[in-house]
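This report refers to the structure that appears directly beneath it.
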Amino acid sequence: MPELPEVETVVRTLAPRLCGSVIARIATTASRVFRGRQKEIEAALAGKRILEVRRHGKNILIELGTRLLRIHLGMTGKLLFDPVNATHPRATLHLRNSQARVLVFDDPRHFGRFELIEDVSALALGPDPLEISPSEFTQALHARRGPVKSLLLNQAFLRGMGNIYTDESLFQARIHPLTPACAVPPEKAKALHEAMRRVLLEAIEQGGSSISDYVDAEGREGAFQSQHRVYGREGKPCSRCGEVIRRIVVGQRGTHYCERCQPAPRGIRSPVAGAK
DNA sequence: TGGAATGTTCGGCT
DNA sequence: AAGCCGAACATTCC
């Protein structure tokens, strides 16, 4: 579910209801959700006032004054004010002084995590794609040799890009996903920087992409999935040139692109269907 | 039934 | 020695 635009949307729905309220306690049905010692985290949360809710990459940070509660939604995690909508509740924050009585963490696949940290520096993430400058981005890109697709997904390189918005941005910038990062021409690097901004900002405006069951904390779906040009469109015609959208695997992730709009650079052979 | 799914982490190799 | 790659994590859906 959650890439930068979805997490940003969730944070925007959380903040007005959570800020200023007090966590009475956290109740847990799956201790796996905690990174760190469960007892310690439970004790540290009880009675704390929430001062601020913000996003750091794909992480939701809940400012408790002395420490931060970091929530990562993983692949299928949702935070819901209405517990009735939770199919696989893993943890429940009971709140005081809030419009909401509870906030439920619903997460079928158990990939999400709650963790206490002192500072965001502990997460060691790269710059936000909406904050990095074009020249910084180009410079960083040219220092790396792996496929540009994999690099954009690397949170230590850039924080917040996920599979959907990476594929969409590479399409917009007309860059083949297997292009070595250092081989992306400077003008295309600039185009990629612009494409990420455009795609991410538009997706935030649309409340994110609801491709399986993503909803924000109020249970509302996003609308950006209707704007996808390549992600999830394998076999369908390219909206720009009519060529069939292809799907390959790059770094173990499904990767969608248009072979005509995003031609393979010299020396890169796109995997052919049926090849071994 | 096998494969794929919005993601991260860890171990091993170079 | 950083960077890169693949396996693993758990569940649902088609």
Side-chain angles (χ1 to χ4, degrees), chain A residues 1-11 29-36 55-60 70-79 86-91 105-115 117 122-126 129 140-170 177-183 196 199-200 203-204 206-216 221-228 230-235 246-256 271 273:
Chain A
M1 127 194 194
E3 305 182 28
L4 188 155
E6 289 75 32
V7 176
E8 179 65 27
T9 302
V10 170
V11 163
T29 57
S31 60
R32 192 189 295 276
V33 303
F34 295 113
R35 182 178 175 130
R55 178 185 65 77
H56 186 76
K58 300 175 190 172
N59 294 276
I60 296 162
R70 169 180 90 102
I71 301 177
H72 196 291
L73 299 173
M75 201 85 107
T76 54
K78 294 185 274 293
L79 289 166
T87 56
H88 297 76
R90 307 302 187 192
F105 182 61
D106 187 44
D107 184 24
R109 286 173 74 177
H110 291 276
F111 284 180
R113 292 291 178 270
F114 282 39
E115 179 186 25
I117 59 174
L123 302 178
L125 302 181
L141 204 64
H142 286 164
R144 306 289 286 267
R145 308 181 63 171
V148 60
K149 154 93 183 194
S150 302
L151 188 58
L152 294 182
L153 288 176
N154 180 346
Q155 302 299 295
F157 178 75
L158 216 53
R159 62 177 192 260
M161 294 294 287
N163 212 27
I164 297 173
Y165 299 103
T166 295
D167 282 2
E168 294 299 319
S169 298
L170 288 172
L178 286 174
T179 311
C182 56
M196 290 191 304
V199 167
L200 293 172
I204 290 170
Q206 304 269 318
S209 301
S210 288
I211 58 138
S212 90
D213 64 351
Y214 159 74
V215 289
D216 68 22
E221 295 186 351
F224 191 73
Q225 62 277 11
S226 69
Q227 311 296 309
H228 294 175
V230 287
Y231 184 84
R233 298 195 67 250
E234 179 186 11
R246 301 177 56 169
R247 179 187 177 281
I248 60 175
V249 175
V250 180
Q252 302 177 293
R253 308 302 300 277
T255 298
H256 315 75

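The chains referred to below are lettered A, B, ... by the order of the sequence lines, with proteins before strands, and numbering in each begins at 1.
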Once hydrogens and angles are ignored, does a donor-acceptor distance under 3.5 Å link the base of dT6(B) to the side chain of S212(A)? yes
Would you mind pulling out the nucleotide paired to dT6(B), Watson-Crick or G-U wobble, both distances under 3.5 Å? none
Of the nucleotides dC4(C), dT6(B), dA10(C), which one has an atom closest to the side chain of R109(A)? dA10(C)
Candidate nucleotides dT9(B), dG3(C), dT6(B), ranked by approach to the side chain of R253(A) - the nearest: dT6(B)
dC4(C) and dT6(B), which share atom name C1', separated by this distance in whole Å: 23 Å
Roughly, in whole Å, what's the span from CD in Q155(A) to P in dG7(B)? 8 Å
Does K58(A) have a side-chain nitrogen or oxygen under 4.0 Å from the phosphate oxygens OP1 or OP2 of dT6(B)? no
Which of R159(A), R55(A), M196(A), M161(A) passes side-chain contact (heavy atoms from CB on, under 4.5 Å) with L4(A)? Answer is R55(A)
To the nearest 0.5 angstrom, please state how far the CZ atom of F114(A) sits from the CZ atom of R70(A). 11.0 Å
Distance between the P atoms of dT9(B) and dA1(C), in whole angstroms? 22 Å
For a quick check under 3.5 Å, do S209(A) and Y165(A) share a side-chain donor-acceptor pair by atom type? yes
Scan every strand shown for a Watson-Crick or G-U wobble partner of dA10(C), both distances under 3.5 Å, and answer none if you come up empty. none
Has F111(A) got its ring stacked on dA10(C), by the test of a centre gap below 5.5 Å and a plane angle below 30°? no
